[in-house]
Every structure is written in C-alpha cells, then in structure tokens.
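Reading through the structure tokens given below for one structure.
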Amino acid sequence: MGSAVLAAVVLLLGSAPAPVAVAAAAAPAQGCSSASVSVADRTLYEGTPAPGDSAYTTFTFTVSVTGCAPTGTVSYKTEDGSPGATGPADYVPVHGQLSWNGEASPRTVSVDVLKDAVPEPNEPFLLRLYDPVGLNLADDLAAGGVLDDDGADGPPVVVSTDGGKICWKVCAVGVHLGTPAKAPVTVHYRTLPVGAGEPAYVPVKDALLTIPAGASGGDAVVKLLTPQGEAKFVLELFSPSAGTLGNARTEVTIKPGG
C-alpha cells in the first residue's frame with residue numbers, strides 16, 4: 001500500500017488499521033509420507049437372473065489413499081481379462097476420475113456384471129488406475145473375480161430354508177447353501193401370515209441375510225411377541241445374489257411359553 005493511500009485510510013478511520021494475519025499453508029508433518037492410492041480386488045458370484053430381479057451383479061471396488069493431506073486425482077478404467085470376462089458381453093465397461101482434496105476417505109468404483117444361467121469357467125476382469133496427478137500409485141490394478149454359480153466348477157449354488165420350524169421367544173430359521181460359499185451370498189426374506197387375527201410376531205417385509213465366504217448357512221431372524229396360544233407364519237426367501245432358490249418357504253409354528 002502506497003504512503004498516500006495509507007494516509008487517506010488513516011484520515012478516514014482515525015487510526016491505522018491493525019495488520020491482518022495471513023494463515024500460512026500447513027507444512028507436511030515431519031516424517032509424513034506423500035499420498036499414495038491403491039485399489040483392492042473384489043470377488044463375487046456372477047449371479048443367476050430371476051424374474052423381477054436386476055439383470056446385473058454390482059462389483060464395488062474400494063480405492064484407498066494413504067499419506068498426509070492427499071490432494072490430487074487418478075483416472076480409472078476397466079479392462080478385459082486375458083483370458084476372462086469381456087465387455088460389454090460379460091460386464092459394463094466404465095472409466096472416470098477420482099479426486100481428493102485434503103481428506104483421506106476411500107472412494108469406490110462400481111462395475112455391473114451381467115448375470116446368466118450358463119455353467120462356465122470363472123471369468124476375471126480388471127480395474128486399472130492410471131494418470132495420477134499429485135498422488136503416487138501404490139497398487140494400480142485390481143482383479144474382479146467373477147465366480148460361476150451355475151455348476152461349472154463344483155455344485156451349483158442353491159439357497160434353501162430348513163424344513164418346518166418350532167419357535168419360542170426368538171425365532172431363527174436356518175438358511176443354507178448346498179456347498180460352502182466361495183464369496184458372500186445374500187438373500188432377502190419376508191414373513192407371510194397364516195390365518196386371521198393379530199400376528200404373534202413382528203412382520204418382516206424385506207430383510208437381508210448375508211452368508212459370508214467360507215460359511216454354508218446362516219439364520220433368518222424374526223422377533224416374536226407373546227402369543228396367547230399356538231400361532232403360525234411362513235418365512236419366504238427371495239432374490240438371492242447367487243444361484244437359485246431350492247426350498248424357498250418354510251412354515252413356522254410359535255409355541256407359547258418355553
């Protein structure tokens with residue numbers, strides 16, 4: 001500011017303005033590494049199409065960043081496996097860019113894989129990170145492992161409920177696969193009334209059960225109320241993420257007391 005301008009400010013305000021502190025850019029913490037990005041593999045069953053369900057299984061890849069105050073961008077794109085899945089016949093190709101502006105939360109990239117009912121070998125595709133700006137590439141390549149669920153590599157995936165079930169206080173209906181899961185399997189379930197009158201349970205419209213990789217089953221849980229006498233309902237499975245439904249319905253009997 002020139003002396004003439006400063007004199008004019010003093011005359012107008014009566015005194016010279018106090019100096020304004022300007023925040024300096026924060027220096028990187030001592031010993032802090034530069035920011036790097038990496039993408040993790042994702043393996044899921046391909047899925048079998050069913051009426052009313054989506055025609056795709058969505059693979060969600062996690063892109064993580066490490067280091068101090070990451071600021072920058074990285075591009076991504078899908079690539080066919082060699083051999084493996086090919087786009088767009090087996091999956092929907094995607095490309096784009098991810099960005100960070102000082103915070104280190106992970107980003108995600110979603111790729112839709114087309115379901116089918118044809119037994120075939122497992123088919124990988126790739127997600128590649130490239131063209132980093134302001135970031136380093138720690139792991140630039142992830143495999144999308146598309147597992148067959150139709151019987152090409154072992155028994156097909158079949159999701160079923162246990163047979164008739166009797167419950168007291170809490171009701172957990174067993175849901176099982178024909179073989180241990182190679183990747184997580186989800187299935188929705190709901191309750192259906194039997195007879196008239198107030199239900200002796202909390203109705204379920206759409207709950208989700210996840211059977212983790214390595215497991216061969218899980219429990220569909222329904223909260224019970226205090227019945228005045230014996231009561232019944234039906235538990236129904238629908239929309240499995242892999243394979244087909246076997247025994248999709250089971251009748252449950254609620255006993256008082258217990």
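The structure presented is a predicted model; accordingly, all values stated were derived computationally and were not measured.
Between P124 and N122, the shortest heavy-atom contact is CD-O, 3.8 Å. Pairing each heavy atom of P155 with each of T179, the nearest pair is O-CG2, 4.4 Å.
Using a cutoff of 4.0 Å between basic side-chain nitrogens and carboxylate oxygens, D149 and K182 are not scored as salt-bridged. Remark: E230 engages K255 in a salt bridge, criterion side-chain N to carboxylate O under 4.0 Å.
For the 3.5 Å distance criterion, the side chains of T250 and D162 fail to qualify, holding no donor opposite an acceptor.
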Please tabulate, for side-chain N and O atoms in residues 73-80, each donor-acceptor pair with protein atoms closer than 3.5 Å (sequence neighbours left out).
{"residue": "T78", "atom": "OG1", "partner": "V94", "partner atom": "N", "Å": "3.0"}
{"residue": "T78", "atom": "OG1", "partner": "V94", "partner atom": "O", "Å": "3.3"}
{"residue": "E79", "atom": "OE1", "partner": "R128", "partner atom": "NE", "Å": "3.3"}
{"residue": "E79", "atom": "OE1", "partner": "R128", "partner atom": "NH2", "Å": "3.2"}
{"residue": "E79", "atom": "OE2", "partner": "R128", "partner atom": "NE", "Å": "2.6"}
{"residue": "D80", "atom": "OD1", "partner": "G87", "partner atom": "N", "Å": "3.0"}
{"residue": "D80", "atom": "OD1", "partner": "Y91", "partner atom": "OH", "Å": "2.6"}

Only distances under 3.5 Å count here; give the side-chain donor-acceptor pairs of residues 213-226 to other protein atoms, sequence neighbours excluded, each with its distance to 0.1 Å.
none

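Counting only residues at least two apart or in different chains, disulfide bond (SG atoms under 2.5 Å apart) contacts with residues 92-138 are absent.
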D112 vs T57, side-chain hydrogen bond (donor to acceptor under 3.5 Å, both in side chains): CA-CA, chis, key distance, verdict: CA-CA 6 Å; D112 286 335; T57 295; over 6 Å; no
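Looking at residues two or more places apart in sequence or on another chain, you find a ring-ring contact (aromatic ring centres under 6.0 Å, His included) between F59 and F125. Judged as a ring-ring contact (aromatic ring centres under 6.0 Å, His included), and not counting sequence neighbours, Y130 has no contacts. Not counting sequence neighbours, the partners of Y201 by the ring-ring contact (aromatic ring centres under 6.0 Å, His included) test are F233.
Linking ILVMFWY side-chain heavy atoms closer than 4.5 Å, directly or via other members, places V109 and Y56 in two distinct hydrophobic clusters.
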